[in-house]
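Worksheet for the structure shown next.
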Amino acid sequence: MSEETTSVHYINYLALDKVLDSQNLLSGDGKEAAHEEMLFIIIHQTYELWFKQILHEIGSTMDLFKADKINESNVGVIVRRMDRVNKIMTTLIGQLDILETMTSLDFLDFRDHLSPASGFQSHQFRKIEVMLGLKIKKRHQFGGCPYHSQFEGEKKEEILDLEATESLFSLVEKWLERIPFLNMEGFDFTQKYEGAVNQMLDKEISGIKAANLTDSDREIRIRMIEENKKYFERVLSESEHNKAIEEGETTLSYRATMSALLINLYRDQPVLHLPYQFLRSLVEFDHKIATWRFRHVQMVEKMLGQKIGTGGSSGQGYLKETVDKHKIFTDLANISTLMISRSYLPELPQNIKDTLGFNYTK
Ligand code: HEM
């Protein structure tokens, strides 16, 4: 073999001497260290490596979204990267099974040595949350201190800078607002959709009137549909939507919400298929992080019971609050409330179908 082909060695390329020499067990005090501490350290280090990869993927996705116009071929790249992130999340959830082979008693063999270190201080985990779009005002607080008080110097500055710049949520919102399909030539989506919803609800009311029901049953069911009608009217009114944003009930802008609805309803059109997969992958990511948070709480409950965390929080009480509260893409998940069946979906005019389709014929 030539010198050139042998110059890169597996051990050096992967910096294994450094990586494998980085498990510094604190227990032992001159005696043999606690057996389980090695697992505890390796699991956390593995998490941090995967967090690095997630940041790499989200960062590159955000860069692609920063362009005024997203190149069509990049939508496929973005979908593939988000799919990778979701697969990593599945592994991260699964890793808790390995850590749970350690018992509460085993943990106590070395827990005192860790204090006050805590997952609370994971800079990369905070970066993921902030890059996705989790804002300070939405966070569940404990002890009156903002989460970034855990960091100092460059690490703190980096987090504050990220807080002040675009997040994946805001970039996706802008992209949805730019999508030109809401008012296509000869097709006003919101108007057509409103008509279809009314048609669907009117049909439901006629069905109830014709059904063999008691008067009170009929009245209750019709009242429920009237309420449903009001719900749709509220959602379709831009001013009501803006009021809901001001009151913190929703976050995504009206135009972005309508575009997301259109993409979900007309996802069978070829040009909308990848945008649909992308929106779905964001909801999936949110759900996977929530699943991880939930599994982590369950593990904490088994390890600590009601003890407070080494980071000083109430432990499982604090962590439970974050499961739902720290979700980012809830508005995209809630689009399902607005879905109507294909049989009511307004037919797109042929010229628009041609624009949205792969039109190979000359
Ligand atoms: C024996 C295992 C573990 C226990 C008992 C435990 C316990 C806790 C507790 C009590 C907290 C709340 C903050 C505090 O007061 O310390 C916390 C937060 C956290 N832990 Fe763990 N943890 C364990 C394993 C892990 C692992 C393997 C990871 C992977 C990186 C992790 C990542 C985190 C993160 C990111 C937070 C902050 C969550 C947030 O603020 O939303 N933990 N942990």
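By convention here, the first residue in the shown sequence is residue 1. Whatever order the structure lists them in is the order used to number ligands and atoms, beginning at 1. Nothing here was measured: the structure is a model prediction, and the numbers come from that model.
Of the N and O atoms on the side chains of S259 and E177, not one donor lies less than 3.5 Å from an acceptor on the other residue. Side chains of Q45 and S22: a donor-acceptor N/O pair is absent below 3.5 angstrom, by distance only. Defined by atom type and a distance below 3.5 Å, a donor-acceptor pair is missing between the side-chain atoms of S239 and N242.
With a 4.0 Å heavy-atom cut-off, ligand 1 is reached by the side chain of L99 but not by its N, CA, C or O. Contacts of W50 with ligand 1, taken as heavy-atom pairs under 4.0 Å, are absent altogether.
For M102, the closest heavy-atom approach to ligand 1 falls below 4.0 Å.
Nearest to atom 3 (C) of ligand 1 among the protein's heavy atoms is M299 CE, 3.5 Å. Distance from atom 12 (C) of ligand 1 to its nearest protein heavy atom, with residue and atom name: S313 OG, 3.3 Å.
Between the side chain of S27 and the backbone N or O of A34 there is at least one donor-acceptor pair closer than 3.5 Å.
For ligand 1, one of its N or O atoms has an N or O atom of R293 under 3.5 Å away. Backbone and side-chain nitrogen or oxygen atoms of Y318 are examined, and one is located within less than 3.5 angstrom of a nitrogen or oxygen of ligand 1. Checked against a 3.5 angstrom limit, the closest N/O atoms of R126 and ligand 1 fall inside it.
For ligand 1, the atoms closer than 4.0 angstrom to any heavy atom of F125 are 35 (C). Below 4.0 Å from some heavy atom of F40 lie the following atoms of ligand 1, by number and element: 1 (C), 2 (C).
Here 1 is the count of protein N, O or S atoms positioned under 2.8 Å from atom 21 (Fe) of ligand 1, waters not counted.
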